[in-house]
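Not measured: the values here are computed from a predicted model. Quick note: residue numbers are just sequence positions, from 1. Order of listing sets the numbers, starting from 1, for every ligand and every atom in it.
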Amino acid sequence: MPPLPVPPSVNSAHRLALDPIATPERLLLGPGPSNAHPTVLQALARMPIGHLDPLYIDLMGEVQELLRYAWQTDNRLTIPMSGTGSAAMEATLANTIEPGDKVLVAVMGYFGQRLVDMAGRYRAEVVTIERPWGEAFDLAEIEAALIAHKPAILAMVHAETSTGVCQPMEGIGDLCRQHDCLLLLDTVTSLGAVPLHIDAWKVDLAYSCSQKGLSCPPGLGPFTMGPRAEAKLAARSGKVPNWYLDVSLLNKYWGSDRVYHHTAPVNMNFGMREALRLLAEEGLEAAWARHRGNAERLWAGLERLGLELHVSEPLRLATLTTVRIPEGVDGKAFSRHLLDRFGIEVGGGLGDLAGKVWRIGLMGYNSTPENVDRLLAIVESELP
Ligand code: PLP
């Protein structure tokens, strides 16, 4: 008889002996994630149930319905993608772009550039219009670009987290209908916090995240698709070139068939349900007014301290404020000091604004007058 094979011995080189996880208290006043609401954390910590359990199926319906409320849409295809905001972003593009489609991206910051990159990967012919970082587009330039390029899709960012600009949306959807083009909108930093009307604005595709205005940890990417975008998906000549994000497959799980696609992150959806329940309890108008009021308190306080805000008042985003770093101050060292000494996170600049601004977020659970006053007092005492 041949000798039995000797199993390999276990290599313990990577076997760390760790203590259970312990994280410090942080107040996350940067570009996201934001602190999660305590009852959302309780929901996340519940024992999982099966992702085809009838109770979970009921919960899926509740999450979809509350997302429709948050987005102000009746769209049937409204679901949380299992992934972060970028997964939902990719889903909007992957499902609607066919190779060679012209996609016009209105770029006014870092996340517009990400849309350009992603759309190109799905073999769109990408064209762009651009604004300096800190400005927004007006209707005339959007219309001129629609006429010049005749795109199948116009993609843009509602709340540009890299600049602190809120793009005015009135009229853009009408232009897209006139020029037979889908309107795709990034609402990652606006959902639940800034006025947002998907149906009234005639937005055909939108996506968001869990970790900002919704007061949940990162991990889900809300996605919504209207009838015009559904029609484009149905008319595709080939398969969606991304299995995981294919809405025609996902809809068999989220729609009435309940066919297994992938194992849903059930606990993340427990958290999402609780976050959306809290938003519905507060009411959208109240949540929008709270974010606006606290942002105005921050803006007035920063200006009182002699700091300059990067974005002009009418375009400012309530969830994210860009503050110019004063001459002679080491912006990175100051944010590090806030984190080390006070446990407060504020963000630095991205892309064109790297080294030039701090980014202060007031999102979801963190948008309170107490947080604004605490930050202002610390900035006043600590800024050199
Ligand atoms: N779009 C915008 C405007 C964002 O701010 C972000 C993230 O901050 C994303 C997209 C990507 O989302 P995520 O980081 O959750 O993948």
Residues Asn75 and Thr78: side-chain donor-acceptor under 3.5 angstrom: no
Salt-bridge present (Arg273, Glu62; N to O < 4.0 Å): yes
Summary of salt bridge (charged side-chain N to carboxylate O under 4.0 Å, His left out) pairs that have at least one residue in residues 159-182, sequence neighbours excluded: Asp174-Lys202, Arg177-Asp204
Taking atom 11 (C) of ligand 1 as the reference point, the nearest protein heavy atom with its distance: Ser86 OG, 3.3 Å
Contact partition for Glu160 relative to ligand 1, non-hydrogen atoms under 4.0 Å: neither
Taking atom 5 (O) of ligand 1 as the reference point, the nearest protein heavy atom with its distance: Thr161 OG1, 2.4 Å
For Gly85, the ligand 1 atoms whose distance to one of its heavy atoms is below 4.0 Å: 12 (O), 13 (P), 15 (O), 16 (O)
Proximity to ligand 1 by part of Ala159, non-hydrogen separation under 4.0 Å: backbone
Nearest option to atom 1 (N) of ligand 1, as decided by whichever heavy atom of Leu115, Asp186, Thr189 sits closest: Asp186
Ligand-residue contact atoms, ligand 1 with Thr84, heavy atoms, under 4.0 Å: 13 (P), 15 (O), 16 (O)
Protein heavy atom at shortest distance from atom 9 (C) of ligand 1: Phe111 CE2, 3.4 Å
For atom 8 (O) of ligand 1, the protein heavy atom that lies nearest, with its residue and separation: Lys212 NZ, 2.7 Å
Ser162-Trp133 side chain donor-acceptor pair, cut-off 3.5 Å: no
Nearest-option assignment for atom 15 (O) of ligand 1, heavy atoms, candidates Gln211, Arg114, His158: Gln211
Ring centroid separation His197 to Trp288 under 6.0 Å: yes
Results of side chain to side chain contact (heavy atoms under 4.5 Å, CB included) for Ile325 - residues two or more places apart only: Val329, Trp358
For Asp101, the option from Arg123, Lys150, Lys232 that meets salt bridge (charged side-chain N to carboxylate O under 4.0 Å, His left out): Lys232
